[in-house]
Asks: 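Following this message is one structure expressed as C-alpha cells.
Each chain gets a letter, A, B and so on, in the order its sequence line appears, and its residues count up from 1. Please read these numbers as outputs of a predicted model, since none were measured by experiment.
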Protein chains: 2
Amino acid sequence: MRSSDFSKRGGRPKVGLTREEVVAAAAEIADRKGMAALTLAALAARLKIKPPSLFNHVAGMAALRRELGMLALRELGDSLSNAAIGKSRDDAVRALADAYRSFARRHPGIYAETLAAGPEDRERNALSERILDVCFKILAGYGLDRRESLHALRAMRSIVHGFSSLEAARAFGIPVSIDESFAWLIDVFVAGLKSARKDAARPQTPREKRAKK
Amino acid sequence: MRSSDFSKRGGRPKVGLTREEVVAAAAEIADRKGMAALTLAALAARLKIKPPSLFNHVAGMAALRRELGMLALRELGDSLSNAAIGKSRDDAVRALADAYRSFARRHPGIYAETLAAGPEDRERNALSERILDVCFKILAGYGLDRRESLHALRAMRSIVHGFSSLEAARAFGIPVSIDESFAWLIDVFVAGLKSARKDAARPQTPREKRAKK
DNA sequence: GACATATAACTAAGTCTATTAGTTTCTCGG
DNA sequence: CCGAGAAACTAATAGACTTAGTTATATGTC
C-alpha cells in the first residue's frame, strides 16, 4: 500500500514518484529558499508535475509540513545520537549542542518545522521524545535529581534552539565570532550543570522560593 | 498626509480609520488566533470594511507584518526599559528576563514578528538596537570587556528567546513548573556572568581555543 | 501476449487570499 | 455652498490550495 512498494521499478520518468521523493524535494526547496517559498505549485514544477498530482502522495500542504517536521526530527535525532557516541558529560553536551546548531544551519527550512506540534500527534511526538531521551541520557552523567534534570533539559533546549533561531534570522551582528559566542554560552551552561548538583543537596534554594510567586 | 492628521475628527463610524487602529486590530488577531489566522480578509471583516479599503492605511500584507514587528519592538522595548529601572546586576537581569518572557506570553503573535528583518530596514533596526542597548547597559554592571559583553548579550538573547519560543510552541511537557525552569536557567546565566569576569582576566581561556577550529 | 486492476498522472473547476484600478461618498476648510 | 482630498466601495485579476472526474500507464494474472 505504501508508495515504496514501487521502488523496484526502474522506469522513472513519467509515472511513479514516491512520497519520499516528494518530501525530499519539498525539503530542498524549504531549506534553500525558505518555508515561504515552499508552495505546492513550486514543488509540482520542480517535480515536473501538475499541482493536483501531488495529492496522490501527500494529503495537502498541512500534511506536507508535518512530513517535513518528522523528516527533520528523524535526521536531527540521528545527528544527535551520533554526536553523543563515546562521549560523556561536558564533551557530550558540547557535541550535542554543536550537532544541533549544525543541523539548524544546514536545514533552516525544515528545522523550523521541528516545533509546532499538537499533543495529539503521537507518531510525531515519539520522534521528539527520542531526541529528548538522548539529551536526558547525557544529562544523567551529572547526577542531578529528577527535577533538576528536567530543568537542565529545558534549559539546554532553550539555549540551542534560541541561538540557532537567532542565527538563522541573522539577528546577530558581525563584530565578534558567532562560533565563539556559542562556545561561551555552552560553557556557561555546563558550568551551571555542575553547580546545580551542589544546590540539589540543599532542599530549598533561593531560586525555588523565587519561582513560587 | 499621515492618517493621524484626522484624529481631531470626532465622527468615527463610517469613514475615518487610522493606521494605528488597523495595526492594533491586526495585532489582536495575531495574538489571539495566531499569525496564520491574520488575513487581510479577516482583518477587514473585524473592522467592518472591505479588504481593498485596508490599502488606504497599509501597503499590503508585507507592510502590515512589518508594522506589527515594529509595534512589538516598541512595546517590548518599553517593557524592558521599565523593568530595568532602579535595578542592577542580577536583579536587573532577572527583571529583564521576566519582562521579556512575559511579553512573549502576552503577545505571541506579534512577538514572532520581532525577528525577521533585513539589514536594510533602518527604522526597524533602530527599534531593535534600543532593546539591545538596555541589555547592554545592564550587562555593563558586570565589568566584562567588550568581547565578553557581546557574548553575554547574545547568550541572554538566545536564552530568553529560546525559552519563550519553546513555551509558545507548547514544547515543554507538564510534569514540572515552567516558571521554576525559567528561574533555574536565568540563575545559571547570572552565575556564568560572574565567572566570565574571572576568565576575562586570563587572556586565553580554553573556550577561546575551542572556538577557533 | 492480452487483460484487469490499481496507481498516478491529467484537466476542469471552485474557493480563498492578496492586490490593482476605477468609482463613489463623506468630511472639512474656505 | 462647494471643491479637494481622504477613505470607503465595486469589479476584476492572478496565484494558491483543493476536489472531482478522466485518462494513461504499469503490474501481475491467465
Asks: What is the distance from CG of B:Leu17 to P of D:dC9, rounded to the nearest Å?
Replies: 10 Å
Asks: Could you run through nucleotides 11-21 of chain C and give me one letter per nucleotide, 5' to 3': B if any protein heavy atom sits under 4.0 Å from the base, S if only the sugar-phosphate is that close, - if neither?
Replies: BB----SSBB-
Asks: Which is it for A:Arg94 and A:Asp187 under the salt bridge (Lys or Arg N to Asp or Glu O under 4.0 Å) test, yes or no, and what are the steps along the way?
Replies: CA-CA 8 Å; A:Arg94 275 191 260 268; A:Asp187 277 355; 2.4 Å; yes
Asks: Give a yes or no on whether a donor-acceptor pair under 3.5 Å exists between the nucleobase atoms of D:dA6, that is its base, and the side chain of B:Asn56.
Replies: no
Asks: Have B:Arg154 and B:Ser158 got a donor and an acceptor in their side chains that come within less than 3.5 Å?
Replies: no
Asks: Is there a donor-acceptor contact under 3.5 Å from the side chain of A:Arg124 to the main chain of A:Gly118?
Replies: no
Asks: Using modelled atom types only, decide if a donor and an acceptor are shared between the side chain of B:Arg46 and the backbone of B:Ala41 within a distance under 3.5 Å.
Replies: no
Asks: Of all the heavy-atom pairs spanning B:Ala155 and A:Leu185, show the shortest one and how long it is.
Replies: CB-CD1, 3.6 Å
Asks: Counting only side-chain nitrogens and oxygens, does B:His57 get under 4.0 Å of the OP1 or OP2 atom of D:dA6?
Replies: no
Asks: Find the distance A:Leu54:CG to C:dT7:P and express it as a whole number of Å.
Replies: 18 Å
Asks: In chain order, what residues pass the ring pair (Phe, Tyr, Trp, His ring centres under 6.0 Å) check against B:Phe182, with sequence neighbours excluded?
Replies: B:Phe163
